[in-house]
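First comes the structure, then the notes that go with it.
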Amino acid sequence: MKHKHTVICHVCGGVAVVCLEKEINVSCGDYFDGCRKYSKDIGSTPLWECTQCGFASFKEVADWHEDRFRADIYNNDYYLGDRPFLEERPKKLAAWLTAALSPCSLLDYGGGNGQLARLLTSQGFEAACYDPFYGGGGLPQISSEVVTAFEVVEHVPDQYSLFREMASLCRRDGVIIFSTLLKTMHLKDDWWYASPRNGHISFHTKKSINLLLSRLSLHHHSLSREIHLAAFTKESLMRLINIKTISISADPLFHFTDRWSALK
Ligand SMILES: [Zn+2]
């Protein structure tokens, strides 16, 4: 497919080019199970990668109306493509946060049905959940010591608005803890994490996340390729840079070349 128009990178303003065409109905779960979780092929969409900062976006999907997201992505079958979403991941994250932090006020941004916040509350945290996609009412009116956002960033088209909003919910001496798997600067092959069926549409590199957060006057430190910290002050950041990190997703065993093949 030829793409004659130009796409400008949302993060740095650089020129983006198509690095991959991906089937819209392919999910991350396909790579872990080695089979299609959604059998229907509803067409492909290009992944646009910035030539300067490496940020990548399924721009055409990112531009969908909210109604289409609800119909084609966040519908009753959503969990097929991300099975750990409901129980396993919140449990793992709650155990990690309980070991890493003292009980504090914490807002889980984009926390789905609120399972992580409930688990943390039972461990003495003053935890709440806010998720615009779960219709969870308006923005909380108080700011928290810790704002968490696990596997949220890659779902959001407007990265500046997202981080501005999360920062507005965080205390000046607080910390934002978020996860998103960073991509390599230039994708040379398919990448399991870039799967539109999961609602994954925005992908950062080390360079693009650095640039975005510094433009928002936030200090930043990555604990791993998946887990990242942001804070208004260096002192707040320093308090957490030595905490033990956690792995959210293992590497999948399959890849999507000539349909499904096991990795050698
Ligand atoms: Zn860029």
Side-chain angles (χ1 to χ4, degrees), residues 9-14 50 52-56 92-111 116-117 120 123-131 139-185 193 202-249:
C9 172
H10 160 68
V11 174
C12 78
C50 176
Q52 286 181 31
C53 76
F55 178 78
K92 197 170 161 182
L93 289 167
W96 176 61
L97 290 170
T98 305
L101 308 172
S102 307
C104 58
S105 61
L106 181 148
L107 179 74
D108 189 27
Y109 187 100
L116 175 60
L120 289 171
Q123 296 299 315
F125 283 75
E126 214 177 290
C129 169
Y130 168 69
D131 194 322
L139 270 180
Q141 293 305 304
I142 50 158
S143 49
S144 300
E145 289 169 85
V146 173
V147 173
T148 55
F150 294 108
E151 299 306 279
V152 170
V153 170
E154 64 279 5
H155 293 257
V156 179
D158 186 339
Q159 295 289 305
Y160 283 96
S161 297
L162 169 69
F163 278 93
R164 252 187 226 113
E165 187 159 273
M166 290 202 289
S168 77
L169 297 165
C170 187
R171 265 177 28 183
R172 289 297 303 179
D173 61 350
V175 182
I176 300 169
I177 304 176
F178 65 99
S179 76
T180 193
L181 185 60
L182 298 182
K183 70 182 274 293
T184 53
M185 194 61 188
Y193 200 65
S202 295
F203 309 95
H204 278 285
T205 60
K206 201 174 165 201
K207 190 172 178 182
S208 70
I209 197 73
N210 255 320
L211 185 69
L212 173 82
L213 294 174
S214 64
R215 282 189 178 176
L216 294 171
S217 305
L218 291 166
H219 296 270
H220 157 241
H221 176 79
S222 288
L223 294 172
S224 69
R225 218 181 132 206
E226 279 186 302
I227 307 275
H228 319 279
L229 309 172
F232 292 108
T233 69
K234 220 168 194 155
E235 293 69 38
S236 309
L237 199 65
M238 292 305 284
R239 285 205 302 272
L240 292 188
I241 62 165
N242 289 321
I243 62 171
K244 203 173 147 234
T245 190
I246 186 177
S247 162
I248 294 198
S249 323

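Computed from heavy atoms alone, side chains included, the values below leave out hydrogens, waters and symmetry copies.
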Task: Pro157 backbone acceptor or donor facing Gln159 side chain under 3.5 Å - done: no
Task: Taking every non-hydrogen atom, the tightest pair across Asp108 and Ala149 - done: OD1-N, 4.3 Å
Open item on the list: When you measure from the side chain of Trp96 to the backbone of Lys244, do you find a donor-acceptor pair of N or O atoms at a distance under 3.5 Å?
Closed with: yes
- [ ] For Ser236 and Val175, indicate whether the former's side chain and the latter's backbone hold a donor-acceptor pair under 3.5 Å.
- [x] no
TODO: Evaluate the criterion side-chain contact (heavy atoms from CB on, under 4.5 Å) for residue pair His204 and Val11; output intermediate values, then yes/no.
DONE: CA-CA 9 Å; His204 278 285; Val11 174; 4.0 Å; yes
Open item on the list: Does Lys92, at its NZ atom, have more than 12 non-hydrogen atoms belonging to other residues, nucleotides or ligands within less than 6.0 Å?
Closed with: yes
Open item on the list: Could you measure the distance from the NE2 atom of His221 to the CD1 atom of Ile227? Nearest 0.5 Å is fine.
Closed with: 11.5 Å
Task: Shortest non-hydrogen separation from Leu211 to Cys12 and the atoms involved - done: CD2-CB, 3.3 Å
Open item on the list: Within this structure, what is the CE-SG distance for the pair Met185 and Cys53, rounded to the nearest 0.5 Å?
Closed with: 6.5 Å
Open item on the list: Rounded to the nearest 0.5 Å, what separates atom CG in Leu218 from atom CZ in Phe163?
Closed with: 8.5 Å
Open item on the list: If I compare all heavy atoms of Val146 with all of Cys104, which pair ends up nearest, and what's the gap?
Closed with: CG2-SG, 3.8 Å
Task: Partner set under salt bridge (Lys or Arg N to Asp or Glu O under 4.0 Å) for Asp173, not counting sequence neighbours - done: Arg171
Open item on the list: Donor-acceptor check, side chain of Tyr130 to backbone of Pro140, threshold 3.5 angstrom: yes or no?
Closed with: no
- [ ] Give the minimum heavy-atom separation between Lys183 and Gly54, together with the two atoms involved.
- [x] NZ-O, 2.8 Å
Open item on the list: Tell me if a side-chain donor or acceptor on Lys206 pairs with a main-chain N or O of Leu182 at a distance below 3.5 Å.
Closed with: no
Open item on the list: Measuring from atom CG of Leu106 to atom CD of Gln123, what distance do you get when rounded to the nearest 0.5 angstrom?
Closed with: 13.0 Å
Open item on the list: Could you check whether any side-chain N or O of Glu154 sits under 3.5 Å from a backbone N or O of Phe203, counting only pairs where one atom can act as donor and the other as acceptor?
Closed with: no
Open item on the list: Within the structure provided, determine whether Ser208 and Cys50 are in side-chain contact (heavy-atom separation under 4.5 Å).
Closed with: no
Open item on the list: Show the nearest heavy-atom pair for residues His220 and Asn210, with the distance to one decimal.
Closed with: ND1-OD1, 3.1 Å
Task: pair Leu101-Phe125: side-chain heavy atoms closer than 4.5 Å - done: yes
Open item on the list: Using a 3.5 Å distance criterion without hydrogens, assess whether the side chain of Ser105 forms a donor-acceptor pair with backbone atoms of Glu145.
Closed with: yes
Open item on the list: Main chain of Gly13, side chain of Gln52: is a donor-acceptor contact present, judged purely on distance under 3.5 Å?
Closed with: no
Task: Aromatic ring pairing Phe55/His10, orientation class (parallel under 30°, perpendicular over 60°, tilted between) - done: tilted
Task: Beyond-backbone contact of Phe150 with Leu97, side-chain heavy atoms, under 4.5 angstrom - done: yes
TODO: Go through the structure and list residues passing side chain to side chain donor-acceptor pair (under 3.5 Å) with His228, not counting sequence neighbours.
DONE: Ser222
Task: Spatial distance of atom CG (Leu229) from atom CZ (Phe178) [nearest 0.5 Å] - done: 8.0 Å
TODO: Would you check if the side chain of Glu226 reaches a backbone N or O of Ile248 as a donor-acceptor pair within less than 3.5 Å?
DONE: yes
TODO: Flag yes if more than 12 heavy atoms outside Glu165 fall under 6.0 Å of its CD atom; otherwise flag no.
DONE: yes
Task: CG on Asp158 to CZ on Arg164, rounded to 0.5 Å - done: 7.5 Å
